[in-house]
Each structure stands twice: as structure tokens, then as C-alpha cells.
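Worksheet for the structure shown next.
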Protein chains: 2
Amino acid sequence: MTTDNSNSSSTEFSDPIDAVRPDDLRLEKFLPYRLSVLSNRVSNAIADAYSARFDLTIPAWRVMAILGRFPNLSAADLVEQTAMDKVAISRAVSILIKNDYITRSEDLADRRRQVLNLSQLGRDVYDRIVPLAQQYENDLMGSLSAEERGQLDSIIEKLMTRAQDWANRGLID
Amino acid sequence: MTTDNSNSSSTEFSDPIDAVRPDDLRLEKFLPYRLSVLSNRVSNAIADAYSARFDLTIPAWRVMAILGRFPNLSAADLVEQTAMDKVAISRAVSILIKNDYITRSEDLADRRRQVLNLSQLGRDVYDRIVPLAQQYENDLMGSLSAEERGQLDSIIEKLMTRAQDWANRGLID
DNA sequence: TAGCAGTGGTTACAATTGAAACCAATTTTA
DNA sequence: TAAAATTGGTTTCAATTGTAACCACTGCTA
């Protein structure tokens, strides 16, 4: 990751013409906006699909998805893995326990921690949702060429890193 | 600033059971999930930036962004342009009017319609936010090569179309 | 021109979300 | 070894959001 233009402070002079009169913002080409619209469309469609079949919210499904792959995590581990909020995890977990989709057991070594796992029922549901999720993804990806899929992967990685920098270092000013 | 728990603790997660169950969902590679994380990180960072400076929510800012480019729109026109919800527009508009950022005048030809425009104050704010927004976008885009920027543009277009199809045709099943 | 379906926009209410306060267990420090 | 600080997790409350009902107006139809 290069650190060149990390902080374009006001000590730099920009092209006077740009500075005098800002161009109008073309929202329909503005990346943050497009990302938001795209992400919402995709997430909502998929959420509809599995909330109709199983009784799962998006955060709840995410928790299951992680636990399906990484057993024996605590809520804090889930926060780390998913970048979701602590409270969202707590609520998702409590719903999932109520539905008997996951189990919670005390960690005797540290009695604040609670170790989470898919229950048998949860595993069954998981096994049925995964193909569904993959079908959606395949369908989405199917609109791209193999080459584009590779490009997208690396582009997302780069954008993610940059956005992450914002959060860590504070905002641009 | 949005919390992004960068807890690089040395906690070791148990091995992914990937080897045992090759069909598990790899959430961290799952496009809908990645899009959502990316979009949230980007939007939150930017929203923080301008809500700190001006008193604007994301929907309110979007309304201003559109009105800055296309004067004399009604709320319904805004719905069409932004793909935002009717109610969200109505609320954003009422906040913006309260702040004197936009004006509302009756359309005498159709007395249900109300024609919206940036006020002088709103125009001033707009002119100050646009460069800020562009700075964020430039910074994001700066992490990509010119080639990648072109690729991203066309990829987003394709994905958007596909996701749109889902909404129109009903879900995959 | 009365009746009725559609449109523009707001309101009301319920569900979701986030921030901050909080409790309990653990670790640190002096 | 007793505070003090930290960590894991939940609860509370307020703000945001989505859905549905709603009012006012228009325009079509008969």
C-alpha cells in the first residue's frame, strides 16, 4: 500500500480552474453512491430469499455463516471476523439461541466468555442455505467474464484497504 | 468515526473446517458480503465528514446533490433519480427546508406538486461539499490504476443490471 | 359532472439500529 | 493484594428506517 497522497492538505495548490468553480457532482457516477445502491439491491434480494424460507435476519445469517466455518468462537471473535457491531452480534446470537440454531457454552477458563457453535438444527439449516447463497453469487458473477471476476476481486481488495485507512487514520481533511 | 475493530490480537482461530467440508461458504470471499462491508465503510466515513461540517444526513445530502445538478424537481422526480424511498425523500426535504437549504414552491399547473430548488444558502453549502466529496472519491479511486477504474465502472454496471433483474423478475429459486 | 382510479406527498406506527451506560469477570499496577 | 483499568457481553434509550394508511388533488370515464 503506497502512502503518497494520503493527506492532501491545504498546503498544496490545486489547479486554479478546478478551485474556482467546483464541477457539479454527477451522483450517478459517484462511486460511494453506486456502491451503496448496488450493495443494497443485492443484500435485500438475498435477505428476502432466506428470510422467506428460514427465519433469519442478515446479521443472524452472517453469524451462522461464520460459525459454520469457524467453530467455537466467542461473540468477540465474531465481531472481529465480521466487522459487525458488538450489539448487533449480541442480538443476533440471542435470536439464534432462541431458535435453537446455535448453542452457547461457558468457557471455564474465562467465565466472561461464551463459546458459540451451530447446533445440529443450525448445521442443517446452514447446509441448506449455503447452496442458495452460492446460487445467488453464481448468478451475480455469471454476469461477469472470468477475467472481470479476477479484476473485481483485486479492485475490491484495494478499495477496502483504502477505506479502512480512512477509519484508522481519521478522515481526510 | 465509525468503529472498525482493528484488533490485531494474536487470538488464533481454530482451523477453518474447509478441508473437511469443501462446500462451506467462505464469507470473506462472498461478493454480497464484501460489497456490504465496503459500502458501509465508505459511506460512513464520508457521512461522518460532512455531518461534522454541515448538518446533513446521507439522504439529505443526496437530495442536494441532485438538486444542484437538476433544478426544479419535484419529490417524485427525486425518487426517480435517486432510487430512494418516497418517505426518505419527504423527510430529507422537510429537514432541508427547515435548514433553509432548499426552497419549495407550488406548481400552479398541478397543485399537488411542489417544485424544489437549492436556496442561496443551499447552493453555498453545495459548492463547498462537492469538492469534499470529490476529494474522497479521488482518494478512493487513487488506489486504482486508470485501467482498473474503467474496469470497475463497467463491472458495477453489469452487476447493477443483474441485481435489478432479480428485483423485477422475482427471486431465483 | 359525479364517481372513481391514480398520483404527489405526508403522517403514524412498528421494527431496526447505534451510542452509551451498565454488570460481571479478569488482568494490571502499585 | 486492593484498587484501577480492561474485557466480554447485555440492556436501555433515542434516532433512523420501512410499511401502510392516509389526505389532497387530478384526470379519466360514463
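Order of the sequence lines fixes the chain letters, A, B, ..., with proteins taken first and strands second; residue numbering starts at 1 for each chain.
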Inset, instruction - Could you please spell out the steps behind the salt bridge (Lys or Arg N to Asp or Glu O under 4.0 Å) verdict for B/Arg113 and B/Asp77? - result: CA-CA 10 Å; B/Arg113 298 184 103 235; B/Asp77 296 333; 3.3 Å; yes
Inset, instruction - Go through residues 72-82 of chain B and report each residue with a non-hydrogen atom lying under 4.0 Å from DNA chain C, sorted by number. - result: B/Ser74, B/Ala75, B/Ala76
Inset, instruction - Between A/Ser90 and B/Ala88, name the one whose nearest nucleotide on DNA chain D is closer to the 5' end. - result: A/Ser90
Inset, instruction - Please report, rounded to the nearest Å, how far the P atom of D/dT17 is from the CG atom of B/Asn40. - result: 12 Å
Inset, instruction - Heavy atoms only: give me the nearest A/Val79-A/Lys86 pair and the separation to one decimal. - result: CG2-CA, 3.8 Å
Inset, instruction - Indicate, with yes or no, if B/Ile66 and B/Val130 share a hydrophobic cluster defined by side-chain heavy-atom contacts under 4.5 Å among Ile, Leu, Val, Met, Phe, Trp and Tyr. - result: yes
Legend entry - Residue among B/Ile95, B/Val93, B/Asn99, B/Asp100 satisfying side-chain contact (heavy atoms from CB on, under 4.5 Å) with B/Ile97: B/Val93
Legend entry - Spacing between A/Arg113 atom CZ and D/dG8 atom C1', to the nearest angstrom: 9 Å
Legend entry - Whole angstrom value for the distance that separates P of C/dT10 from CD of B/Glu106: 12 Å
Inset, instruction - Please state how far atom CD1 in B/Ile89 lies from atom C1' in C/dT7, giving the value in whole angstrom units. - result: 16 Å
Legend entry - Gap separating the OG1 atom of A/Thr103 from the CG atom of A/Asn117, nearest 0.5 angstrom: 5.0 Å
Inset, instruction - Answer with base, sugar-phosphate or nothing: what part of the nucleic acid does A/Asp110 contact at a heavy-atom distance below 4.0 Å? - result: sugar-phosphate
Inset, instruction - Heavy atoms only: give me the nearest A/Ala83-B/Tyr33 pair and the separation to one decimal. - result: N-OH, 4.5 Å
Legend entry - Contact under 4.0 Å: A/Arg104 side-chain N or O vs D/dG8 OP1/OP2: no
Legend entry - Whole angstrom value for the distance that separates P of C/dG9 from CD1 of B/Ile95: 17 Å
Inset, instruction - Could you verify whether a donor N or O on one side chain and an acceptor N or O on the other, from A/Gln134 and A/Asn138, lie under 3.5 Å apart? - result: no
If you restrict it to nitrogen or oxygen atoms, what contacts under 3.5 Å exist between nucleotides 22-24 of chain D and the protein, and what is each distance?
none

Legend entry - Atom-to-atom span, CE of A/Met84 to C1' of C/dT17 - whole angstrom: 11 Å
Legend entry - Base C/dG18 to side chain A/Arg91, donor-acceptor N/O within 3.5 Å cut-off: yes
Legend entry - Polar side chain donor-acceptor pair, A/Asp139 to A/Gln135, under 3.5 angstrom: no
Legend entry - For the student: nearest non-hydrogen atoms of A/Ala65 and B/Leu25, plus distance: CB-CD2, 4.4 Å
Inset, instruction - Please state how far atom CG in A/Asp85 lies from atom P in D/dT10, giving the value in whole angstrom units. - result: 13 Å
Inset, instruction - May I ask you to list the residues of residues 54-70 of chain B, by number, that have any heavy atom positioned under 4.0 Å from an atom of DNA chain D? - result: none
Inset, instruction - Consider only side-chain heavy atoms of I, L, V, M, F, W and Y, link residues closer than 4.5 Å, and tell whether B/Val87 and B/Ile58 are in one cluster. - result: no
Legend entry - Note, B/Arg41 side chain near A/Leu159 side chain (heavy atom, < 4.5 Å): no
